[in-house]
Amino acid sequence: MSKYNPHAIEPKWQRFWEERGLMKAREEGKKYYVLEMFPYPSGDLHMGHLKNYTMGDALARYKKQQGFSVLHPMGWDAFGLPAENAALKFGKHPADWTFDNIAKAKESLNLMGILYDWDREVTTCTPDYYRWNQWIFIKMYEAGLVYRAGGLVNWCPKCQTVLANEQVVEGRCWRHEDTLVEKKSLEQWYLKITAYADRLLNDLDKLEHWPEKVKAMQRAWIGRSEGATVKFALEGRGEALEVFTTRPDTLFGATFMVIAPEHPLTLELVTPERRAEVEAYVRAAQLKSEIERQTEDREKTGVFTGAYAINPVNGKKVPIWTADYVLYGYGTGAIMAVPAHDQRDFEFAKKFDLEIVPVIKPEDEDLPEPLETAYEGPGVMINSGEFTGLPSEEGKKKITGWLAAKGLGEATVTYRLRDWLISRQRYWGTPIPMIHCEKCGAVPVPEDQLPVELPEIKDVEQIRPQGKSPLEAHPEFINTTCPKCGGPARRDADTMDTFFDSSWYYLRYTDAHNDRLPFARDKADYWMAVDQYIGGIEHAVLHLLYSRFFTKFFHDQQMVGVDEPFERLFTQGMVMGWTDYGPALVEGERVRLSEEARIRLELESAELSQDEVRKMGAELREGPDGRVHFWKPAVMSKSLGNGVMVGPFVREQGADIARVTILFAAPPEKEMVWTEEGVQGAWRFLNRVWRRAIEDEEALKKAADGFDPERLDEAGKSLYRKLNQTIKKVTEDLEGLRFNTAIAALMEMLNALYDYRKTGGVNALYKNAMLVYLQLLAPFAPHIAEELWHRFNENSVFDARWPTYDEGALVADTITLVVQVNGKVRARMQVPADTDEKTALALAREQENVRRHLEGKEIVKEIYVPGKLVNLVVKG
RNA sequence: GCCGGGAUGGCGGAAUCGGUAGACGCAACGGACUUAAAAUCCGUUGGGGGUUUCCCCCGUGCGGGUUCGAGUCCCGCUCCCGGCACCA
């Protein structure tokens with residue numbers, strides 16, 4: 001009898017599937033589009049990289065088995081900062097780095113038996129892809145969604161380029177956690193994503209199959225606020241200072257105003273005697289990074305500008321201050337301060353001794369006098385002239401109406417979402433297809449001149465970030481003629497943000513070789529929307545928001561029917577590996593770590609108790625040097641050196657073992673810890689599958705095919721029932737991406753097959769069960785399933801139709817009925833499944849242990865749940 | 001502070017239209033096979049107790065409630081994870 005040897009069977013079936021074009025997508029019949037977020041090509045892959053592809057592959061194979069026309073494509077997010085930074089770190093040219101890594105990554109995917117339709121492969125750094133970035137950019141420009149503007153932008157000093165708001169995480173660069181983002185004043189290209197703010201927000205409600213968490217993050221990011229803009233006339237000047245407020249009902253309590261230091265008006269308003277002080281404050285604010293403003297204690301700072309404005313409702317003269325707690329980027333960059341009803345304004349007023357006038361009081365109590373804190377709740381208006389006595393909610397509308405009638409303000413909706421800055425002063429990206437002409441201004445490159453190819457710069461040193469685009473130094477690229485007037489002109493030297501590339505790649509897969517359009521409408525309409533999208537939570541706002549924006553734009557351009565790209569979204573948990581944090585000194589209860597370990601673990605102290613070690617999920621185990629080391633699971637990464645590499649693992653152990661290990665260890669949305677024990681479990685399981693089929697191989701080949709489910713013995717009925725229950729369970733679990741419980745059900749079924757063979761022979765039922773079993777196993781462990789399937793069949797297991805279950809066979813003829821007395825289980829009885837209530841209750845009362853509990857008591861109620869239980873309620 | 005999610009054995013986790021808590025796996029322990037080990041197979045494994053083919057009590061973060069019956073529903077907390085955070 002042959003032994004299970006993954007190494008001997010896996011390459012064979014990988015070739016077989018490749019040659020047969022198993023995952024080749026065709027536009028026929030009912031479609032299913034399964035997609036994992038495409039990666040940027042990094043070096044060798046570890047198991048952490050492959051979890052979502054393994055999930056996607058299992059789903060794609062299952063849908064294939066169900067007879068769907070499946071699209072499961074793959075590509076490479078090859079342009080952009082991540083790829084370029086990584087390449088430059090190793091002194092390599094981004095192009096070489098990218099294509100080397102693509103080759104390596106493909107090898108890893110193949111080794112794992114992850115199948116794609118490689119004919120539709122998309123690589124974003126090739127001209128046949130990025131020309132469509134340029135084409136889309138120009139369409140957006142024509143639609144008025146692209147504009148060039150100056151102003152303060154986020155600048156990463158390490159990347160030496162500007163960043164989008166979404167790429168600033170806690171004041172730091174998304175690629176450099178240790179690098180604070182600076183502010184610079186530059187003229188850049190923007191995409192007007194804010195034009196879609198309302199639709200991006202409202203349509204989140206349509207996304208039923210998206211995680212609540214992702215939707216919540218997008219809602220927060222878009223940050224819609226309803227309120228009013230109010231114009232405060234500036235004393236002694238013709239113009240007005242406009243503010244946004246969500247609380248127009250508190251307008252009578254506006255006792256001063258605050259304008260952001262960066263606001264251009266700040267230095268215009270300032271009175272001569274205050275100028276020196278205000279200028280100093282503005283300069284200081286500009287020097288502070290975003291993060292300093294956030295992390296510094298919230299002590300308010302600010303200076304008086306010397307200027308005054310007039311409160312439009314009561315004509316009161318209010319001082320105008322400048323302070324950095326007002327953000328230039330939000331609303332109008334200036335506020336009316338209502339210290340009685342806004343905690344921030346309250347603190348500011350207290351510190352600078354400004355007037356505090358309460359104008360709202362709670363419904364049934366009075367405000368303390370003096371106020372100790374701002375009252376921010378709803379209530380009744382006071383001190384508010386003709387509006388006094390109104391409930392605050394009504395007051396909002398009334399005051400807004402009053403302002404509108406006088407032309408002093410209007411109802412306004414404001415968003416936190418900013419337009420998307422897409423220029424990057426870097427080499428490795430799509431050239432922005434614009435030409436700057438002194439006479440005509442910015443002119444788009446005509447469509448027939450696309451693509452604007454990225455010039456080849458061979459010397460890596462010339463590519464390195466230098467604060468301006470490396471393309472500036474290439475006159476043969478930069479110098480061109482104006483498409484409008486024919487005069488001398490210069491190309492835009494910047495490249496596009498990498499997120500532009502990934503905002504529409506899922507559409508390119510539907511029509512990957514189209515050389516007239518990014519994608520044809522009929523192809524896109526056939527495949528879209530993506531039925532199941534799988535990826536990491538880190539893209540909750542970035543990629544997923546941008547993609548929704550692009551799809552809506554394409555929809556509006558009549559390029560595609562759908563206006564949301566991803567029907568179902570699944571965010572998978574990360575893969576962790578046990579990580580060695582170096583030697584630990586153990587003295588009884590006390591454990592001492594090295595300073596390096598303390599920093600890596602982000603601990604306050606290097607000294608821990610054994611109990612704390614346990615609570616952290618860490619362990620003290622022997623390290624490679626034989627001493628006691630501190631071990632703890634951490635997300636697999638190259639820098640920690642804790643990644644289980646795909647190539648070596650698969651070559652030593654096998655792809656199916658890796659797949660089962662990943663899919664079984666934990667629910668897919670949760671993080672999983674890769675352990676040697678988990679691998680062992682997967683190995684044991686697949687070995688048991690192998691032996692069950694191979695031990696009976698000859699007998700199975702000879703066994704008859706047909707059997708009558710009605711004429712089975714007890715053991716047969718039990719196996720047949722388990723088979724049908726397993727089909728149901730695995731099918732439902734696959735639909736819900738619950739791979740762990742699906743595999744658990746397969747393990748149970750395998751145990752049932754073993755049990756059956758202890759007494760039962762190899763017959764038609766057993767053969768049928770064994771073959772169906774292989775079909776159910778195939779999405780998870782395709783190689784072993786295919787190998788064993790071929791022992792008994794001519795065709796691929798993936799060509800056989802996914803089994804359906806016999807509804808009638810799910811429930812046993814005889815079932816266990818639980819008998820409870822007052823809700824506590826007191827007996828179990830075997831009864832026919834169709835036992836009626838009367839019989840069941842009578843039987844229940846007769847159970848010996850039940851009788852004991854009924855003794856001397858009165859039955860006041862009897863509950864019967866068919867197929868489940870009887871509950872006798874007694875008193876006394 | 002606000003928003004989202006969570007808390008179940010030694011561990012990963014099952015069970016949510018309210019109905020046998022702990023499926024499946026890991027680890028551990030006992031046994032079989034073996035010269036031995038590995039592998040494999042069989043058995044035990046939430047805690048406590050008893051008159052020990054069986055029975056009783058307790059048990060799903062904490063405190064209440066609804067119900068014949070609550071891990072599951074409601075109210076009030078605690079803690080953990082993630083996101084956002086001076087957004088007017």
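Naming convention: chains lettered A, B, ... in sequence-line order (proteins, then strands); numbering from 1 in each chain.
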Nucleotide N/O to protein N/O under 3.5 Å, stretch nucleotides 7-9 of chain B:
none

Listed pairs, N/O of protein and of nucleotides 41-45 of chain B, under 3.5 Å:
unit_1	atom_1	unit_2	atom_2	d
B/C41	OP1	A/Arg688	NH1	2.8
B/C41	OP1	A/Arg691	NH2	3.3

Polar-atom pairs under 3.5 Å, protein N or O versus N or O of nucleotides 68-74 of chain B: list them with distances, or write none.
unit_1	atom_1	unit_2	atom_2	d
B/C68	OP1	A/Lys861	NZ	3.3
B/C68	O2'	A/Asn871	ND2	3.4
B/C68	O2	A/Asn871	ND2	2.5

Quick test: give all pairs of protein nitrogen or oxygen and nucleotides 52-58 of chain B nitrogen or oxygen below 3.5 Å, distance rounded to 0.1 Å.
unit_1	atom_1	unit_2	atom_2	d
B/C56	OP1	A/Arg826	NH1	3.0
B/C56	OP1	A/Asn849	ND2	3.2
B/C56	OP1	A/His853	NE2	3.3
B/C57	OP1	A/Arg826	NH2	3.2
B/C57	OP2	A/Arg826	NH1	3.0
B/C58	OP2	A/Lys824	NZ	2.9

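The CD atom of A/Glu619 sits 11 Å away from the P atom of B/G12 (whole-angstrom rounding). Following rounding to the nearest Å, A/Leu750 (CG) and B/A23 (P) show an atom-to-atom distance of 18 Å. One interatomic measurement links the two molecules: CD of A/Glu695 to P of B/U40, which rounds to 13 Å at whole-angstrom precision. Nucleotide B/C81 holds its C1' atom 13 Å from the CE atom of A/Met217, rounded to whole Å. Counting to the nearest Å, the C1' atom of B/A88 and the CD atom of A/Glu226 are 15 Å from each other. Look at OH on A/Tyr330: it is 14 Å from C1' on B/C84, rounded to the nearest Å. The CH2 atom of A/Trp221 sits 12 Å away from the C1' atom of B/A85 (whole-angstrom rounding).
A/Arg219 has no side-chain polar atom (N or O) that falls below the 4.0 Å cut-off from OP1 or OP2 of B/G4. Remark: A/Ser225 is in phosphate contact with B/A88, judged by side-chain N or O atoms under 4.0 Å from OP1 or OP2.
The listed nucleotides are B/A27, B/A88, B/C24; the one nearest the side chain of A/Met747 is B/C24. Listed candidates were B/A88, B/G25, B/C86. Nearest to the side chain of A/Asn751 is B/G25. Of the candidates B/A88, B/C84, B/G19, the closest approach to any side-chain atom of A/Val169 belongs to B/C84. Distance from the side chain of A/Ala216 is smallest to B/C3 among B/G25, B/C3, B/A88. Side chain of A/Lys213, nearest nucleotide from B/A23, B/A85, B/G4: B/G4. Closest approach to the A/Thr741 side chain among B/A14, B/C26, B/G25 is made by B/A14 (side chain taken as heavy atoms from C-beta onward). Side-chain proximity of A/Arg416 to the nucleotides B/G12, B/C86, B/A85 is greatest for B/A85. Taking only side-chain atoms of A/Val818, from C-beta outward, the nucleotide of B/C26, B/G82, B/U20 with the closest atom is B/U20.
A donor atom on one side chain and an acceptor atom on the other are found under 3.5 Å apart for A/Tyr546 and A/Glu166. Of the N and O atoms on the side chains of A/Asp345 and A/Tyr325, at least one donor lies less than 3.5 Å from an acceptor on the other residue. Using modelled atom types and a 3.5 Å distance limit, the side chains of A/Arg688 and A/Asn751 yield a donor-acceptor pair. When only modelled atom types and interatomic distance are considered, A/Gln218 and A/Arg548 share a side-chain donor-acceptor pair under 3.5 Å. The closest side-chain donor-acceptor pair between A/Asp198 and A/Tyr415 falls under 3.5 angstrom. A/Arg852 and A/Asn849 are linked by a side-chain donor-acceptor pair at a separation below 3.5 angstrom, with hydrogens and angles left out of the test.
Heavy-atom neighbours of A/His7 NE2 from other residues, nucleotides or ligands within 6.0 Å: at or below the threshold of 12.
Partners of A/Thr400 under the side chain to side chain contact (heavy atoms under 4.5 Å, CB included) rule, at least two apart in sequence or in another chain, are A/Ala228, A/Pro248, A/Ala411. With sequence neighbours excluded, the residues forming a side chain to side chain contact (heavy atoms under 4.5 Å, CB included) with A/Glu676 are A/Val679, A/Gln680, listed by chain and number. Under the side chain to side chain contact (heavy atoms under 4.5 Å, CB included) criterion, A/Arg621 pairs with A/Trp578, A/Glu619, A/Trp631, sequence neighbours left out. Applying the salt bridge (charged side-chain N to carboxylate O under 4.0 Å, His left out) criterion to A/Glu242, with sequence neighbours excluded, gives no partner residue. Partners of A/Ala349 according to the side chain to side chain contact (heavy atoms under 4.5 Å, CB included) rule, which considers only residues two or more places apart in sequence or in another chain, are A/Phe256, A/Pro339, A/Leu354, A/Ile356.
Pairs engaging residues 735-758 of chain A under the salt bridge (Lys or Arg N to Asp or Glu O under 4.0 Å) rule: A/Lys63-A/Glu735, A/Asp696-A/Arg757, A/Lys722-A/Glu748, A/Asp733-A/Arg738, A/Asp755-A/Lys758 [sequence neighbours left out].
Base orientation of B/G9: syn, since the glycosidic angle falls within 90° of 0. Classification of B/U52 as syn follows from a glycosidic angle within 90° of 0.
Contact of A/Lys300 with B/C86 (side chain to base): a donor-acceptor pair of N or O atoms is detected under 3.5 Å.
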Show me the donor-acceptor pairs, under 3.5 Å and distance only, between side chains in residues 814-822 of chain A and residues at least two apart or in other chains.
unit_1	atom_1	unit_2	atom_2	d
A/Thr816	OG1	A/Gln830	NE2	3.0
A/Asn822	OD1	A/Val874	N	2.9

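Among the atoms of the strands shown, only primed sugar atoms or phosphate atoms (P, OP1, OP2) are found under 4.0 Å from some heavy atom of A/Ala665. As judged by a 4.0 angstrom heavy-atom cut-off over every strand, A/Pro667 is placed among residues touching the sugar-phosphate backbone only. If you check every strand for non-hydrogen atoms under 4.0 Å, A/Phe664 touches a base. Using a 4.0 Å heavy-atom distance criterion, A/Asn740 is classed as a sugar-phosphate-only contact.
At a threshold of 4.0 Å, the pair A/Glu732-A/Lys729 does not count as salt-bridged, since none of the basic side-chain nitrogens sits closer than that to a carboxylate oxygen.
In summary, of the residues considered (A/Lys350, A/Gln343, A/Glu347), a side-chain hydrogen bond (donor to acceptor under 3.5 Å, both in side chains) with A/Thr373 occurs for A/Gln343 alone. The side-chain hydrogen bond (donor to acceptor under 3.5 Å, both in side chains) test with A/Thr229 is passed by exactly one of A/Thr412, A/Thr245, A/Thr332, A/Thr414: A/Thr412.
Position along RNA chain B of the nearest nucleotide to A/Lys868 versus A/Gly333 favours A/Lys868 as the more 5'-ward residue. Looking at which nucleotide of RNA chain B each of A/Lys670 and A/Tyr415 is closest to, the 5′-most match is held by A/Lys670.
Remark: A/Arg659 fails to qualify as a cation-pi partner of A/Phe780 under the 6.0 Å distance and 45° angle criteria applied to the six-membered ring.
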Pairing of RNA chain B as dot-bracket, 5' to 3': ( ) intra-strand, [ ] crossing, | other strand, . unpaired, with Watson-Crick or G-U pairs under 3.5 Å?
(((((((..(((......[....))).(((((.......))))).(((((...)))))..(((((..]....))))))))))))....

